[in-house]
Every structure is written in structure tokens, then in C-alpha cells.
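Here is the structure we will look at, set down as C-alpha cells.
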Amino acid sequence: GSTTKLIQRNTSFATVTAEDIKHFKEILGEKNVIEDEDRLSIANVDWMNKYKGSSKLLLQPRSSDEVSRILKYCNSRRLAVVPQGGNTGLVGGSVPVFDEVIINLGSMNTIISFDEVSGILVCEAGCILENLDSFLANKGFIMPLDLGAKGSCQIGGNVSTNAGGLRFIRYGSLHGNILGVEAVLANGTVVDMLSTLCKDNTGYDLKQLFIGSEGSLGIVTKVSILTPPKLSSTNLAFLACNDFISCQKLLLEAKRKLGEVLSAFEFLDNQSMDMVLTHLEGVRNPIPPSVYNFYVLIETTGSDESYDREKLEAFLLSSMEGGLISDGVVAQDINQASSFWRIREGITEAVMKAGAVYKYDLSLPVEKMYQIVEEMRLRLGPAAKVLGYGHLGDANLHLNISTSQYDNNVFAQIEPFVYEWTFSNRGSISAEHGLGLMKANEIHYSKSPETVQLMASIKKLFDSNGILNPYKVLPHSLLPSN
Ligand code: FAD
């Protein structure tokens, strides 16, 4: 059940020699050139334990200059590389496919500046998202994005995948929040686009190309990001709905009635709840017994405690009376709120513990979103557990299919059906996780041939030897040097 088997190693790439290692040690020092098998075996495999490479070398640069020197050398030698952040990506983009040199940004984790008036943060790409959020909390600000992997993922990885996450409904995409990046191209050129301006219409906005290009155009080394102020009052409701229509109507009502304070609108189905209750310790359903078909988390964030609370309560009351909500509970303190979030954020972890998982991250019209979950259940029957959850407020479904082990027959039932279905409903086959290795060859389900061709031309312009994250993002036939 994996695409890796179909790919051949590109023979135009060199393999690492003792001479190369000597050179890297001159640039980085002995201890940042890692050949240790234990450390490599961790860096070679992705978070899901699904994609495994066989790299013999991991490099840990400490500055943009070091990244530049590494890439310049790799490019001249035609050594392929894979940029790696926290390695929490879910599409096999962050690990080598064959023997690509792994360049991990984790040692570049300095906060460079923070402007307490504008909220503009400038930092190195290897800063961990949660650390940035804690730094900002002390200054009265927050990161405009939040996701379950926050304790490990790096801002450079977030930018490179254009991560969405739980605050998207309120603060929007990184395409809006990232004000600047510094990136190193394949030939070692350091491109300074590290603007700290909100408005800057001086020609092509090239930094946007690095947001979401999954390390295929360059290595992001620094980031400038606009962070919103931390507001004083947050409320979280955990609600049960009987059917998906009610969830949709509830979303519309929440936008109408909670508009200016709404900060998250997430959903999970009963199967997802079961998965979390079965596989994660210490988690319980806040609205037992678990007989409801859907659960919705609604978070509000505002600046006036009593006003915000009253607003939420009035909304909940009218939704209850209107029959949209069957039951629900509002978190009474921060501990209860985190226990609610644990359910939603824990699904990825729980489903991993259950065995094998086929993960799809789809953008679909809201009214169609759950239909594919039901159709998939009918297709697969009892052979698999089919889960639907995700960022309902952004029309982003996470469709997860859980089986005890990977099975080619199950896989053949899922793909290409899932992509064809998404295409015919004018959706996107990747809402927020990217294409990576998993979906590089499926890009045509979401992009026109002309668009894909233009992407391939841009790739060639930025990386003429194709050394940056090969086999990812674009169809293999279109990659340079193929
Ligand atoms: P990695 O996984 O290391 O890399 C991801 C991609 O970016 C790879 O292609 C890699 O080559 C490239 N890359 C990494 N760093 C750089 C760099 N500095 N320069 C150039 N390229 C680079 N994603 C969401 O969008 N929303 C969610 O809500 C969400 N929730 C998640 C929950 C869990 C529990 C997990 C495990 C993952 C979740 N993800 C989510 C996916 C993942 O966390 C994000 O894609 C995250 O942004 C990846 O960051 P990372 O540092 O781990 O990058």
C-alpha cells in the first residue's frame, strides 16, 4: 500500500563518499555531521512509521551561512538532500526516499527579534512552535497557528507545509501571516526576503513560493511572522450533534452569532471518539454515554469575560432550543478545556496506536464533507474503521482509515477512489498537509496540466539539478534531471 515501491532512485544523483564527509566536517564541525546508526534510524522514518529512507548522513547546520555552504557543495556534487524540521509531516515529505542527505534545522532555533508594538516576530526556522508560543505568551501575544504537533514541529516546517491547524478560522493562512522569509536556494544563494512589513507591493511576492513548497524550492532559514495579541477571555464548549446537517447549521449559526469572537470550530464523529477513548489513557467523553453521532468543539476568544460568556451561553441556548445541539458542556477551567482539546488533538495519536492508518486530508464543500466518509464505510465494510474529523470551520476533512495492518486489497479500495471523488466534487486532495511523497503523482486531481507544468518550470529555475527533496511534490516524470 505505498507509492515508494514504484519509484526508482534517480541515477544522476551521487552517493556520499568519505571525501564528502570530510568536507561537511570542515563546514559544520565533527559533532554536527552525524553518521551514528541509531540517530539516523530515527531521522530516516516519518512520524507515522510509514515512510522509511536509508540515508547514511544527517547534517545539523547552525547558521544560514552553513546551510548555504552545504547546499552549494551538494549541488556541485549532485548529492540529493531532504530538509527536515520536526519530522511531524504526514505525507512522507520529511524523510529521505533513498539515501538523500538529511539536513535538519533543529539547531537553528534563535529568536532574533520581537516588536512589542506590532507583534512582529523574527526567528530562525528551527524554533519549535510551542516554544515560540510560550515566548509570546510572556509578551502578551500568541502564534497565529496551533496544531497537535506543536511540541515537535518547527516554524520552518510549518511555513514549508503552509500548516493550517486549529486557529485558521480566526487568523487565516500563513500566506497572510508570514511577512518574510530568508531561504537558501539549491546552489547556495541566500535570498533575503525577510521583510517585517505588513504591506509591501514591490513586484512579485516571492516569499509566497516558499510557503507550502515542502522544501522543494529552497531551505527556509529565517521567518518573520505577524502575531496577534493574546486576548484575555477564552471559552470552550464541547457539544454533541445527532447528524451532520446539524453540525453544518451550527457552523453557520456560530459564524452569525459568535462571529467576532469565534476562534475554533472543530468536529469529530463517534468513530473518532471511540478511537480516542480506546487508545489514549486518561481520556473520557465529557458528555457520556457516547451515543451521539458527532461532536463539535467551539472556542471563543475575546477581550470581555462576561460579555463573551453571555454571548456563548445565549448561542448555546438558542442552538439547543433549535435542536441543533443534543447535549453539551462548557469548560469551567483551563484544565477542563485542555481535556476537551486532548480529545480532538489526540485522534492522530490514537489512530496510530490502533495499527495501520491511511490518512487523507481533503478540502470539500461543507455539505459534501461527510458523504465521502459514509461512502468509504460502505466500500470497505467491516475490514476497516473509517473516521471523519477535522477543521469543519475551514471545510477541511481528515478522513482516516484504520486497519490492523497495511493491506494492498484495502488500499486498492481506497485509492484512486478517494482522489476521484474529491476531484469530481471540486475539492483539494491536500487541504493542509501538502503532497510530499504520498501525493506527488496525484497532483493532477487538484491542479490543471498547465499549472503543474508551470510549477515544474519554477522548480527547474530554482533547483536545476533537482537535488532539493527529490521524488516529492511534483510528479516524478516532471522533475529536473529525470
Ligand atoms: P517536517 O515534518 O520535518 O517537514 C515537513 C515538510 O517541510 C517536508 O517536506 C520537509 O522537507 C519540509 N521542511 C521542513 N523544514 C524545512 C525548512 N526549514 N525549509 C524547507 N523545507 C522544510 N498539519 C496541519 O497543517 N494542521 C494540523 O492541524 C496538523 N496537526 C497535526 C497533528 C499531529 C499530531 C501531527 C503528527 C501532525 C500534524 N500536522 C498538521 C502535520 C505537521 O505537523 C505539519 O505539517 C507541520 O507543519 C510540519 O512541521 P515539521 O517541522 O515537523 O516539518
Side-chain angles (χ1 to χ4, degrees), residues 43 45-51 53 61 64 67 71 80-97 100 102-109 123-130 145-169 173-174 181-186 209-223 264 266 280 341-342 344-352 357 359 361 363 389-391 394 396 398 400 430-440 462-463 468-473:
V45 55
D46 78 320
W47 191 88
M48 296 177 292
N49 228 332
K50 190 168 185 179
Y51 298 92
S64 309
V67 174
L71 284 183
V81 305
V82 49
Q84 189 174 75
N87 197 10
T88 66
L90 298 174
V91 289
S94 54
V95 291
V97 180
E100 299 90 274
I102 303 168
I103 304 182
N104 191 292
L105 276 289
S107 303
M108 292 180 60
N109 57 1
C123 66
E124 288 186 310
C127 290
I128 289 175
L129 179 60
E130 192 165 49
L145 78 162
D146 183 25
L147 42 135
K150 58 179 159 277
S152 318
C153 66
Q154 300 172 4
I155 190 67
N158 300 148
V159 168
S160 302
T161 53
N162 186 25
L166 306 164
R167 292 178 186 158
F168 190 100
I169 191 173
S173 157
L174 288 180
V181 303
E182 177 192 79
V184 184
L185 305 185
L209 281 176
F210 293 87
I211 304 171
S213 57
E214 303 177 65
S216 64
L217 298 180
I219 295 193
V220 175
T221 43
K222 294 189 184 113
V223 172
E266 298 286 316
L280 298 188
W341 275 124
R342 175 79 182 126
R344 167 63 188 85
E345 293 186 282
I347 303 170
T348 312
E349 194 185 325
V351 84
M352 274 279 302
V357 56
K359 287 181 92 71
D361 160 41
S363 267
Y389 64 95
H391 313 294
D394 317 319
N396 178 185
H398 292 321
N400 281 208
S430 175
E432 57 175 12
H433 293 163
L435 297 164
L437 176 64
M438 179 187 177
K439 292 176 268 187
F462 278 65
D463 175 20
L468 280 168
N469 222 0
Y471 324 104
K472 320 279 174 66
V473 185

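Atoms within each ligand, like the ligands themselves, are counted from 1 in listed order. Numbers for residues simply follow the sequence, beginning at 1.
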*asked:* List ligand 1 atoms under 4.0 Å from Gly218, heavy atoms only on the residue side.
replied: 20 (C)
*asked:* Out of all atoms in ligand 1, which are within 4.0 Å of some heavy atom of Ile219? Include the element for each.
replied: 19 (N), 20 (C)
*Which residues satisfy the salt bridge (charged side-chain N to carboxylate O under 4.0 Å, His left out) test with Asp463, sequence neighbours excluded?*
Lys459
*So which heavy atom in the protein is nearest atom 11 (O) of ligand 1, and how far is it from that ligand atom?*
Pro83 O, 2.6 Å
*To the nearest 0.1 Å, how far is atom 23 (N) of ligand 1 from its closest protein heavy atom, and which atom is that?*
His433 CD2, 3.6 Å
_Out of Ala163, Gly390, Ala149, who is nearest to atom 33 (C) of ligand 1 when you count heavy atoms only?_
Ala149
*For atom 15 (N) of ligand 1, which of Ser152, Ser216, Gly157 has the closest heavy atom?*
Gly157
*Provide the number and element of each atom of ligand 1 under 4.0 Å from a heavy atom of His391.*
28 (O)
*asked:* Apply side chain to side chain donor-acceptor pair (under 3.5 Å) to residues Asn396 and Asp361 and explain how you reach the verdict.
replied: CA-CA 7 Å; Asn396 178 185; Asp361 160 41; 2.9 Å; yes
*For atom 39 (N) of ligand 1, which of Ile102, Asp146, Leu147 has the closest heavy atom?*
Leu147
_Nearest non-hydrogen contact with atom 22 (C) of ligand 1 belongs to which option: Ser160, Gly346, Ala183, Gly92?_
Ser160
*With atoms numbered from 1 as shown, which atoms in ligand 1 lie under 4.0 angstrom from a non-hydrogen atom of Gly215?*
20 (C), 21 (N)
*asked:* Between Lys472 and Glu214, is the salt bridge (Lys or Arg N to Asp or Glu O under 4.0 Å) condition met? List the steps.
replied: CA-CA 8 Å; Lys472 320 279 174 66; Glu214 303 177 65; over 6 Å; no
*Is the closest side-chain heavy-atom distance between Thr348 and Lys359 below 4.5 Å?*
yes
*Going by the atom numbers of ligand 1, which of them fall below 4.0 Å from some non-hydrogen atom of Gln154?*
50 (P), 51 (O)
*Is it true that Lys222 and Glu182 make a salt bridge, defined as a side-chain N closer than 4.0 Å to a carboxylate O?*
yes
*atom 48 (C) of ligand 1: which protein heavy atom is closest, and how many Å away?*
Thr88 OG1, 3.5 Å
_Starting from atom 5 (C) of ligand 1, what is the nearest protein heavy atom, named by residue and atom, and what distance separates them?_
Thr161 CG2, 3.6 Å
